[in-house]
Amino acid sequence: MANFAKPSAPRFSVDVYQNEFLPEGGRDVHAIVTVTATGGGGGGVTRGTPADGTAAVVIMVDCSGSMEYPAEKMRGAREATAAAVDTLRDGTSFAVIAGTHVAKEVYPGLGRLAVAGPATRAEAKEALRGLSAGGGTAIGTWLRLADGLLRGSTAAIRHGILLTDGRNEHEEPAVLRATLDACAGRFTCDARGVGTDWEVKEVTGIASALLGSADIVADPAHLTEDFTRMMEKVMGKEVADVSLRLWTPVGVEIQYVKQVAPTVQDLTDRRTDTGPRAGDYPTGSWGDESREYHVCVRVPGAAVGQEMLASRATLVRPATGGEPEAVLAQGLVRAVWTNDVAASTAINPQVAHYTGQAELAQAIQQGLEARKLGDVDGATAKLGRAVQLASVSGNADTARLLSKVVDVVDAVAGTVRLKAKVADADEMTLETRSTQTVRVKKF
């Protein structure tokens, strides 16, 4: 483990957890790469402290006709956006967009961003009073306008917050996918669904593509709390566009790279080649926090007694503003061949835990899909397995959400019965939060 960050920035560290021992001819090496950033000043910065222009935020508020039914949704959206504006640090660039079948600038307008301060916060909140519901939903137009506004900023941290209450009915799915592909890497985005008439896969897909969080706010009364918490996290970000770079020797192939904590996020297909046998996987922006990644590489088979470097994991920040690329931290993944059966068959506790968490997310998603299709047996089997995995791993939050969809007969054995009636909000909450994981127990 090594640290290379500047003293004024968060200090990054990389720890690698694995069982490096393989049987003779063994090829697959699994490792959990834990990345931790500590010591940054952003987490303690409050409103009124200059942000030095390091962050730019665009809030996208659904103003389609359905937001007026019930009226609490539109009112809650206005109040939540005002609270988010109040949470901005002085010096942060920001804008607000009203989204329908088109995207309109609410504040400040004229294709620009405002700079947060007492006057602009007051002006923005006054402009929010004019938000009203009417029209359709074309989320890609909202994201494209946000992208254009953020591209005009020199801020290192570029972030969007998107709220919707419905399905993307006035835009072809391919258009939204193309928009997400174009915006990926240019800004991150948290997505929220309010009420229960929106599409979970659309909202989670937006957050996944743009390396943000997704969640449900079933009751509009809770929007203000959620928006404030989201903006506080954005204000705590200090280092942008960080990548996990994996270098592998000749003959070694990367099988997959997944973020496994705090949420499951498959990064395998997001690789950008950066040199001979090296590729970068995006991780987005960082404040004081820790995340974990499951890396699986396939090495050439070897004889007992041989060992090799299977991969080098390096955290890098790209060259920006005349500054060269920065190496923030790195760790090594090793492979050692042995005839000690106990050593080669032992599963590292961290690897086992997060493999189970990834399976838990998949079991929930497959179980809910089977339930929607009327496949009672398939849904019961998958959701029963999910209950079992949640119990074993100590994922109490997910276990609680599962208990609203199934009656648990035996959690350890995974024996459940589907509930005859399930509230839409409970089912959508389980699906939306299915990828949220718990940290491994310390051994």
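Residues take their numbers from the sequence shown, with the count starting at 1.
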_Given 3.5 Å as the limit, does a donor-acceptor pair link the side chain of E79 with the main chain of A83, or not?_
no
*Can you find a heavy atom in the side chain of P10 that is under 4.5 Å from one in the side chain of V239?*
yes
*If you take all heavy atoms of V61 and A77, which pair is closest and at what distance?*
CG1-CB, 3.8 Å
*Just by distance, do the side chain of S208 and the backbone of T204 share a donor-acceptor pair under 3.5 Å?*
no
*Looking only at heavy atoms, what is the nearest atom pair of M60 and A146, with distance?*
SD-CB, 3.8 Å
*Any chance the rings of F94 and Y107 have centres within less than 6.0 Å?*
yes
*Which value, rounded to the nearest 0.5 Å, describes the distance between H101 atom NE2 and W142 atom CH2?*
11.5 Å
_As an exercise, state the distance from CZ of R75 to CG of L131, rounded to the nearest 0.5 Å._
14.0 Å
_Determine whether a donor-acceptor pair (N or O, by modelled atom type, separation under 3.5 Å) exists between the side chain of T92 and the backbone of L88._
no
_Can you see whether T34 engages E292 through a side-chain donor-acceptor pair at a distance of less than 3.5 angstrom?_
yes
*Check: E431 side chain, L368 main-chain N or O, donor-acceptor pair, under 3.5 Å*: no
_Close side-chain approach of L383 to L402, heavy-atom, < 4.5 Å_ = yes
*For E225, which residues count as a salt bridge (charged side-chain N to carboxylate O under 4.0 Å, His left out) partner, sequence neighbours excluded?*
R229
_Any side-chain to backbone donor/acceptor pair from T355 onto V351? Under 3.5 Å, distance only._
yes
_Quick one, Q436 and D397 - any side-chain contact, counting heavy atoms below 4.5 Å?_
no
*Using the test salt bridge (charged side-chain N to carboxylate O under 4.0 Å, His left out), find all partners of D269 that sit at least two apart in sequence or belong to another chain.*
none
*Is it true that K419 and E427 make a salt bridge, defined as a side-chain N closer than 4.0 Å to a carboxylate O?*
no
*Can a salt bridge be assigned to the pair K382 and E369 using a cut-off of 4.0 Å between side-chain N and carboxylate O?*
no
*Answer whether the closest heavy-atom distance between the side chains of Q259 and V264 falls below 4.5 Å.*
no
_Does the structure place the NZ or CZ of R317 under 6.0 Å from the centre of the six-membered ring of W286, at an angle of no more than 45° from the ring's axis?_
no
*asked:* Strictly below 4.0 Å, N to O, side chains only: are R177 and D181 in salt-bridge contact?
replied: no
_For H30 and Y256, take the angle between the two ring planes, folded into 0 to 90°, and tell me which bin it lands in: parallel under 30, tilted 30 to 60, perpendicular over 60._
tilted
*asked:* Any carboxylate oxygen within less than 4.0 angstrom of a Lys/Arg side-chain nitrogen, looking at D241 and R158?
replied: yes
